[in-house]
Asks: 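Quick one: the structure is below, and I'll ask about it shortly.
By convention in this document, chain letters (A, B, ...) are assigned in the order of the sequence lines, proteins followed by strands, and residues within each chain are numbered from 1.
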Protein chains: 2
Amino acid sequence: MPLKLENRIPDIVIGRLPLYLRALNRLKQEGIEVTSSHELGQRLGISSAQIRKDLSHFGGFGKQGTGYQINFLITKLQSVLKINQRWQVAVVGAGNLGSAISHYRGFQDRGFEIAWLFDADESKIGQQVGRFTVQAISELKKVISENKIQIAMVAVPAEQAQEVADILVDAGIRAILNYAPINLTVPDHVMVQYIDPVVHMQHMTYYLDENA
Amino acid sequence: MPLKLENRIPDIVIGRLPLYLRALNRLKQEGIEVTSSHELGQRLGISSAQIRKDLSHFGGFGKQGTGYQINFLITKLQSVLKINQRWQVAVVGAGNLGSAISHYRGFQDRGFEIAWLFDADESKIGQQVGRFTVQAISELKKVISENKIQIAMVAVPAEQAQEVADILVDAGIRAILNYAPINLTVPDHVMVQYIDPVVHMQHMTYYLDENA
DNA sequence: AACTGTGAAGTTTTTCACAGCC
DNA sequence: GGCTGTGAAAAACTTCACAGTT
């Protein structure tokens with residue numbers, strides 16, 4: 001997924017930046033204006049050295065003796081992650097999950113706007129789901145290319161997910177957040193990230209005691 | 001989260017097992033009975049060497065010259081991950097997200113049963129959400145300890161998430177899947193895994209072109 | 001006095017490559 | 001011939017520790 005062509009900064013570092021950003025926004029909400037790698041690390045369960053090293057990839061955001069100006073660091077990280085703009089996102093799948101995604105308020109202020117909701121199911125097309133009118137998947141390619149959409153979420157059953165991904169790729173999508181519990185096959189120029197709660201649950205059960 | 005006291009097998013390995021399992025079940029569904037580290041790796045975008053090394057931690061599951069018997073490997077991995085039993089799970093938060101979780105069918109056949117749905121909101125208590133009657137959070141401790149529940153999902157707004165986590169910890173929960181976009185502070189003996197779609201999205205935008 | 005940024009050291013993770021078995 | 005399991009090598013990642021700045 002790193003799309004690595006002369007990839008200077010490790011992908012694992014990039015993956016942590018959104019976590020830093022989330023914690024920083026939290027600190028800001030609490031009225032705190034300056035923080036340190038140590039404080040941030042405590043909150044995140046990450047060593048302070050790692051935070052300093054990660055941030056150092058992008059230039060000196062901190063001040064020796066003082067720490068990091070929270071507002072400044074937030075702005076810088078947003079810029080690095082290119083979320084100093086609002087990305088429009090298409091959602092495919094208007095079932096329970098797609099509906100929950102459409103209703104979720106948490107995308108707005110973190111760089112994303114859910115802008116379209118598609119479904120393959122005839123009976124759902126034209127229906128209102130939250131603030132969206134469900135559109136036919138046959139419209140997808142046109143909508144996505146006309147609006148230069150680069151990001152989509154897949155919220156259809158596993159059986160249809162690959163087919164939907166193929167359509168998205170064909171339409172020119174560059175990044176997919178896949179909620180279906182299945183690995184997608186896509187060309188190299190397309191990124192996929194996965195959300196599968198069961199994977200996290202199964203990871204944790206390894207460490208639990210089987211109950212009597 | 002590894003809970004590391006004489007932790008022989010790396011947590012990163014454990015984290016991949018659910019992915020292997022998911023892919024194996026897929027292969028099985030396709031009617032395939034035997035696979036190889038190479039085939040599995042192709043599907044997952046992981047090297048065959050890594051898969052062999054990961055699996056070797058648990059004993060010789062494969063046959064030289066042949067590969068891995070899918071049914072056998074599935075059984076073994078289920079056993080390693082302790083999902084050869086059904087874990088009962090409590091969900092806290094009966095909003096859009098909690099409702100979507102409650103309706104999701106995908107937990108059943110992968111080791112988990114959503115068994116209770118709680119909410120703090122007076123007006124929601126007693127309401128029917130899917131097959132659940134929403135219960136008051138004041139009942140939580142009793143229900144969880146009486147039923148020896150070890151796993152919970154947090155699906156409340158960020159502002160309430162830490163408070164809910166504290167209640168869960170107090171009730172004896174050992175593993176939390178947190179959907180709220182906030183880092184939880186819990187004692188060492190409690191694991192937390194996070195689901196925050198925005199984190200994945202922000203990870204991907206780093207690699208996208210800002211659009212004109 | 002407090003904290004950053006960073007080379008160097010240390011640790012973990014991945015890949016290589018091949019002996020051994022089917 | 002095909003494939004696993006595994007030491008050894010390589011690469012990646014994290015932590016240490018401290019010089020340098022405020």
Side-chain angles (χ1 to χ4, degrees), chain A residues 1-17 19-20 23-24 27 32-74 76-77 80 203 206, chain B residues 1-17 19-20 23-24 27 32-74 76-77 80 203 206:
Chain A
M1 180 251 323
L3 208 55
K4 65 173 54 166
L5 30 140
E6 221 18 272
N7 193 18
R8 273 278 48 257
I9 297 162
D11 182 60
I12 198 165
V13 172
I14 304 302
R16 279 191 295 262
L17 301 185
L19 303 176
Y20 298 168
L24 287 164
L27 286 164
I32 301 170
E33 293 184 351
V34 177
T35 189
S36 64
S37 59
H38 184 75
E39 181 175 39
L40 207 46
Q42 287 250 295
R43 299 241 180 168
L44 288 162
I46 288 178
S47 81
S48 59
Q50 177 155 87
I51 290 176
R52 291 199 301 281
K53 180 143 285 206
D54 282 357
L55 295 179
S56 78
H57 282 103
F58 308 96
F61 292 162
K63 269 210 177 55
Q64 284 148 318
T66 312
Y68 300 91
Q69 202 71 34
I70 288 178
N71 271 331
F72 177 74
L73 188 49
I74 287 175
K76 285 302 189 182
L77 289 182
V80 166
H203 186 160
Y206 176 82
Chain B
M1 182 250 325
L3 210 53
K4 64 175 56 166
L5 30 142
E6 227 12 278
N7 193 18
R8 275 272 55 259
I9 296 162
D11 182 61
I12 197 163
V13 172
I14 305 302
R16 278 190 294 261
L17 300 185
L19 303 176
Y20 298 168
L24 287 164
L27 286 163
I32 301 169
E33 293 184 350
V34 177
T35 188
S36 64
S37 59
H38 184 76
E39 180 176 40
L40 206 48
Q42 286 249 296
R43 297 241 181 169
L44 288 161
I46 287 178
S47 80
S48 60
Q50 177 155 89
I51 289 175
R52 290 199 302 280
K53 179 141 287 206
D54 283 356
L55 295 179
S56 77
H57 283 103
F58 307 95
F61 292 161
K63 268 211 176 55
Q64 286 148 315
T66 311
Y68 301 90
Q69 204 71 31
I70 288 177
N71 273 331
F72 179 74
L73 188 50
I74 287 174
K76 286 300 189 185
L77 289 181
V80 166
H203 186 160
Y206 177 83

Asks: Whole angstroms only, please: what is the NZ-P distance between K53(B) and dT14(C)?
Replies: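 Taking atom P of dT14(C) as the reference, NZ of K53(B) is at 11 Å.
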Asks: May I have the distance from Q69(A) (atom CD) to dA2(C) (atom P), rounded to whole angstrom?
Replies: 19 Å
Asks: Would you kindly give the NE2-to-P distance between H38(B) and dC16(C), to the nearest whole Å?
Replies: 13 Å
Asks: Nearest whole angstrom, please: distance from the P of dT6(D) to the CD of Q50(B).
Replies: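 To the nearest whole Å, that distance equals 16 Å.
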Asks: Any non-hydrogen side-chain atom of Q69(A) less than 4.5 Å from a side-chain atom of T35(A)?
Replies: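 SC-SC contact between Q69(A) and T35(A) ruled out.
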Asks: Would you say that N71(A) contacts E33(A) through its side chain, given a criterion of any heavy-atom pair below 4.5 Å between the two side chains?
Replies: no
Asks: Considering just the side-chain nitrogens and oxygens of Y68(A), establish if one lies under 4.0 Å of OP1 or OP2 belonging to dA2(C).
Replies: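 No, no such contact exists.
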Asks: Please work out if L55(B) contacts a base, only the sugar-phosphate, or nothing of the nucleic acid, heavy-atom cut-off 4.0 Å.
Replies: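 Nothing: the residue L55(B), judged by heavy atoms under 4.0 Å, touches no strand.
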Asks: Need to verify one output field. Residue with the more 5' nearest nucleotide on DNA chain C, V13(B) or Q64(A)?
Replies: Q64(A)
Asks: Tell me: NZ of K63(B) to C1' of dG1(D), nearest whole Å?
Replies: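 K63(B) atom NZ is separated from dG1(D) atom C1' by 18 Å.
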Asks: Phosphate oxygens OP1/OP2 of dT15(C): is one of them under 4.0 Å from a side-chain N or O of S47(B)?
Replies: yes
Asks: In terms of the nearest nucleotide of DNA chain D, which residue is placed more toward the 5' end: S36(B) or T66(A)?
Replies: S36(B)
Asks: Measure from NE2 on H57(A) to C1' on dA12(D) and round the result to the nearest Å.
Replies: 11 Å
Asks: At under 4.0 Å between heavy atoms, what does S37(A) touch on the DNA or RNA strands: base, sugar-phosphate, or nothing?
Replies: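 Sugar-phosphate contact only.
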Asks: Ignoring hydrogens and angles, state whether a donor on the side chain of Y20(B) or D54(B) is under 3.5 Å from an acceptor on the partner side chain.
Replies: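 Yes, a side-chain donor-acceptor pair sits under 3.5 Å.
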Asks: Roughly, in whole Å, what's the span from CG in D54(A) to C1' in dC13(D)?
Replies: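 In whole Å, dC13(D) C1' lies 10 Å from D54(A) CG.
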Asks: If the cut-off is 4.0 Å, is R52(B) near the phosphate of dG2(D), judged by side-chain N/O to OP1 or OP2?
Replies: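 No, R52(B) has no side-chain N/O under 4.0 Å of OP1/OP2 on dG2(D).
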Asks: When the distance from CD1 of I51(B) to P of dT6(D) is rounded to whole Å, what number comes out?
Replies: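 Value for this atom pair: 16 Å.
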Asks: Drop me the distance from L44(A)'s CG to Q50(A)'s CD, to the nearest 0.5 angstrom.
Replies: 10.0 Å
Asks: Grab the two heavy atoms, one from A23(A) and one from L40(A), that are nearest each other, plus how far apart they are.
Replies: CB-CD1, 3.9 Å
